[in-house]
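Report on one structure; see the data block that follows.
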Amino acid sequence: MKRILVVGGSRYFGKTLVTRAREAGDEVTVLNRGSGAPPRGVERLVADRDDEEALRAALGGRDFDVVVDQVCYTPLQAAVARRVFAGRTGRYVMTSTMEVYDPATLPAGPADPDPVPVTEASLDPARLPLAAAAVRTSGPRPAYVYAEGKRQAEAVFLRDPVFPYVSVRAAHVLGGGPAEFTGRLAHYVERIGAGTPVDVHEAPYATSFIHHHEMAGFLQWARTRPSPGPSTPPRTARPT
């Protein structure tokens, strides 16, 4: 049995992960801002993760074998988590995104008019120039594009690590019916059903998808992954 904290975990594959961990016999705690009750048998802590003092107060003296962070989007959030969970967890798993490989989302933009995805060898978050906001403890949170925010968050955890860390760079998650809140697939289905035009790329590009149950299962596996760093779940490429 492991003591697991899921930050977020109130919907979609995060909620599935919580349920699976509980059914596997783990002692599971969810921390979020109070959105949605967790499954029976799961403790819930309520705090705004951006508020360092409130986060510390909610955690009290608790520590965990694994923390799975479902809702880390900026280096500021990562910096707060790094300070708060130092000495509290044996492993930290952050749900990241395959968008970190998209050259169009890099700060300088793509240099090539026909760019290809950034390779693993050239994407080293530990060497990224760290945004100044990563070391701030208060004040307004700056706006980040999704991919760069994730890259910067990974960089915070990987630079001078204080606990074993794994980032899971997820493909686009699909499935789940009403539980699927993103509208990623429903948008196209609804437009096609209504006979409304659908915008497409002039040239086909590859993308990747993963089923929400597979994503939850991969995160469950990642909590025991033997080495730190980035990890990408198996996925199937499809043209867009």
Side-chain angles (χ1 to χ4, degrees), residues 1-52 54-73 77-97 150 153-154 156-158 161-171 173 175-176 179 181 210-234:
M1 180 184 78
K2 290 186 177 293
R3 290 167 293 121
I4 298 176
L5 174 70
V6 179
V7 183
S10 62
R11 58 183 180 177
Y12 208 21
F13 61 89
K15 193 169 184 177
T16 303
L17 170 65
V18 168
T19 300
R20 287 188 176 192
R22 183 206 60 190
E23 291 175 347
D26 292 326
E27 181 183 315
V28 187
T29 301
V30 166
L31 186 146
N32 54 38
R33 290 177 295 182
S35 55
R40 183 175 298 178
V42 173
E43 180 184 21
R44 177 171 62 174
L45 305 177
V46 178
D48 183 344
R49 64 160 310 143
D50 293 348
D51 186 331
E52 186 167 345
L55 183 56
R56 289 185 186 275
L59 290 169
R62 295 173 179 82
D63 57 26
F64 306 92
D65 297 306
V66 183
V67 174
V68 181
D69 194 340
Q70 288 282 87
V71 288
C72 186
Y73 298 109
Q77 291 176 331
V80 169
R82 183 182 180 279
R83 291 191 293 269
V84 170
F85 288 103
R88 287 183 185 266
T89 184
R91 177 175 298 274
Y92 202 97
V93 179
M94 172 189 151
T95 302
S96 187
T97 173
K150 290 287 191 180
E154 288 189 29
V156 170
F157 287 123
L158 286 168
V162 294
F163 36 58
Y165 165 79
V166 177
S167 58
V168 176
R169 293 172 179 166
V173 184
F181 68 94
I210 188 169
H211 192 270
H212 67 115
H213 283 167
E214 293 176 312
M215 190 63 221
F218 192 86
L219 286 169
Q220 193 169 11
W221 171 83
R223 66 193 174 129
T224 58
R225 189 172 189 268
S227 59
S231 182
T232 306

Please give me the minimum heavy-atom distance between [X] and [Y], naming the atom from each residue.
| X | Y | value |
| --- | --- | --- |
| A222 | V166 | O-CG2, 4.5 Å |
| A78 | A153 | CB-O, 3.7 Å |
| V30 | P38 | CG2-CB, 4.4 Å |
| G8 | N32 | O-ND2, 3.4 Å |
| A216 | T16 | CB-CG2, 3.7 Å |

Given 3.5 Å as the limit, does a donor-acceptor pair link the side chain of [X] with the main chain of [Y], or not?
| X | Y | value |
| --- | --- | --- |
| D48 | D50 | yes |
| E214 | I210 | no |
| R62 | L59 | yes |
| R22 | R40 | yes |

Nearest-0.5 Å distance, [atom1] of residue [X] to [atom2] of residue [Y]:
| X | Y | atom1 | atom2 | result |
| --- | --- | --- | --- | --- |
| D26 | M1 | CG | CE | 7.5 Å |
| L17 | Y12 | CG | OH | 14.0 Å |
| T19 | Q220 | OG1 | CD | 10.5 Å |
| D51 | R33 | CG | CZ | 12.0 Å |

With sequence neighbours left out, write down each residue that passes side chain to side chain contact (heavy atoms under 4.5 Å, CB included) with S96, or none if nothing qualifies.
M94, V100, K150, E154, S167, R169
Thinking salt bridges, do [X] and [Y] make one under a 4.0 Å N-O criterion?
| X | Y | result |
| --- | --- | --- |
| D65 | R223 | no |
| E52 | R83 | yes |
| R49 | D69 | yes |

Quick one: list whatever passes salt bridge (Lys or Arg N to Asp or Glu O under 4.0 Å) with D63, sequence neighbours left out.
R3
All ring pair (Phe, Tyr, Trp, His ring centres under 6.0 Å) counterparts of F157, not counting sequence neighbours
Y92, Y165
Take V7 and V67 through the side chain to side chain contact (heavy atoms under 4.5 Å, CB included) test and state the conclusion after the steps.
CA-CA 7 Å; V7 183; V67 174; 4.0 Å; yes
Below 4.5 Å, heavy atoms only, C-beta onward: do [X] and [Y] meet side chain to side chain?
| X | Y | answer |
| --- | --- | --- |
| I4 | V6 | yes |
| L31 | L55 | yes |
| R44 | T29 | no |
| V18 | P39 | yes |
| R91 | F64 | no |
| L5 | V66 | no |
| M215 | V168 | yes |

